[in-house]
**Student:** 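Here it is, the structure, as structure tokens.
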Amino acid sequence: MIESATSLDQARANAKTRYARMRTEGECAIALGRFYLSLLAGAVWASQSDLSNALAVSKGQVSKSIKAARLPASVRKVFSDERRISFGTADVIDQIARQIGRERLVAHATRLGSRADLSVKEILAALARGSLPDKPRGVRISSRRGEDFIRLYSPHLRKMNRNLPRVEDYIDFAMKMMGYE
């Protein structure tokens, strides 16, 4: 809490300087939100409205940044880098939380861990579902009841045609390893 008018003026001047630097450096939504929250907690400005007027930033921007900063740590961790969480991403996460509940969102995030290997879109889908998206498989094998043959599906089938004897050998080997002689 700021005690004197002079120290309040100094705190506000420092905040404006720091904010200008953050904007120049392109700080992410979460960093801006943490900054705004620290100014409000320190009573540098009394409200989000006062803060937005003093820093010449829209009230919506302040509100969205604070929403992003308040995302649970486990949710932020899934993205592996907070800079991947834009205002739009934070909005989608908020929608997911409203649909499935904050506790389930946190549980899904905890289960996922840090996932730099996934796109933001894949992470959002996984947070909503609670599981990773199915990875497309390179090969799919199927058979029908009563048939003595299998069907092999692969996006590389044309390339495989010239190597079918090797593919047969690999399937034979796999069947022997599984106990089918």
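In this text, all values refer to a predicted model and were calculated from it rather than measured experimentally.
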**Student:** When you look at CZ of Arg98, are more than 12 heavy atoms from neighbouring residues, nucleotides or ligands closer to it than 6.0 Å?
**Tutor:** yes
**Student:** Side chains of residues 58-71: which donor-acceptor partners sit under 3.5 Å, not counting sequence neighbours?
**Tutor:**
from  : atom 1 : to    : atom 2 : distance (Å)
Ser58 : OG     : Gln61 : N      : 3.0
Ser65 : OG     : Gln61 : O      : 2.8
Lys67 : NZ     : Asp91 : OD1    : 2.9

**Student:** Do Ile93 and Leu132 belong to the same hydrophobic cluster, where Ile, Leu, Val, Met, Phe, Trp and Tyr are linked whenever their side-chain heavy atoms lie under 4.5 Å apart, directly or via other members?
**Tutor:** yes
**Student:** Are Arg84 and Thr89 side-chain neighbours, meaning at least one heavy-atom pair lies under 4.5 Å?
**Tutor:** no
**Student:** Is any side-chain heavy atom of Leu124 closer than 4.5 Å to one of Phe79?
**Tutor:** yes
**Student:** Where is the tightest heavy-atom contact between Ile150 and Ser143, given as atom of each residue plus distance?
**Tutor:** CG2-CB, 4.1 Å
**Student:** Quick one: salt bridge (Lys or Arg N to Asp or Glu O under 4.0 Å) partners of Arg162, sequence neighbours excluded?
**Tutor:** none
**Student:** Within a radius of less than 6.0 Å around CD of Glu103, do more than 12 heavy atoms belonging to other residues, nucleotides or ligands occur?
**Tutor:** no
**Student:** Listing request: all salt bridge (Lys or Arg N to Asp or Glu O under 4.0 Å) pairs with a residue in residues 29-51, at least two apart in sequence or in separate chains.
**Tutor:** Arg34-Glu82
**Student:** Does Phe87 share a hydrophobic cluster with Val75, counting links as ILVMFWY side-chain heavy atoms below 4.5 Å and allowing steps through other members?
**Tutor:** no
**Student:** Enter the distance from Leu32:CG to Leu37:CG here, rounded to the nearest 0.5 Å.
**Tutor:** 11.0 Å
**Student:** For residues 16-26, please give each side-chain donor-acceptor pair under 3.5 Å, one per line with the distance, not counting sequence neighbours.
**Tutor:**
from  : atom 1 : to    : atom 2 : distance (Å)
Thr17 : OG1    : Ala13 : O      : 3.0
Thr24 : OG1    : Ala20 : O      : 2.9

**Student:** Can you name the nearest heavy-atom pair linking Ala97 to Leu105, along with the distance?
**Tutor:** CB-CD2, 3.8 Å
**Student:** Quick one: closest heavy-atom pair of Ala128 and Ile96, and the distance?
**Tutor:** CA-CG2, 3.9 Å
**Student:** Distance from Arg115 atom CZ to Lys77 atom NZ, nearest 0.5 Å?
**Tutor:** 11.5 Å
**Student:** According to a 4.5 Å side-chain heavy-atom criterion applied to Ile, Leu, Val, Met, Phe, Trp and Tyr, with indirect links allowed, do Ile141 and Met178 form part of one hydrophobic cluster?
**Tutor:** yes
**Student:** With rounding to the nearest 0.5 Å, note down the distance linking CG in Leu152 to CD1 in Ile171.
**Tutor:** 6.0 Å
**Student:** For the CE atom of Met177 and the CG atom of Asp172, what is their distance to the nearest 0.5 Å?
**Tutor:** 13.5 Å
**Student:** Check Ala116 against Ser80 and note the closest heavy-atom contact, atom names and distance.
**Tutor:** CB-OG, 3.2 Å
**Student:** Shortest non-hydrogen contact from Leu112 to Ala126?
**Tutor:** CD1-CB, 3.7 Å
**Student:** Can Val78 be reached from Val120 by stepping across I, L, V, M, F, W or Y side chains whose heavy atoms are under 4.5 Å apart?
**Tutor:** yes
**Student:** Could you list all the salt bridge (Lys or Arg N to Asp or Glu O under 4.0 Å) pairs where at least one residue sits in residues 104-114, not counting sequence neighbours?
**Tutor:** none
**Student:** Residues in salt bridge (Lys or Arg N to Asp or Glu O under 4.0 Å) with Glu168, at least two apart?
**Tutor:** none
**Student:** So does Val44 get a backbone contact from the side chain of Arg12, meaning a donor-acceptor N/O pair under 3.5 Å?
**Tutor:** yes
**Student:** Could you pull out the closest heavy-atom pair between Glu27 and Ala31, with the gap in Å?
**Tutor:** OE1-CB, 3.3 Å
**Student:** Hydrogens and angles aside, do Ser49 and Ser52 bring a side-chain donor and acceptor to less than 3.5 Å of each other?
**Tutor:** no
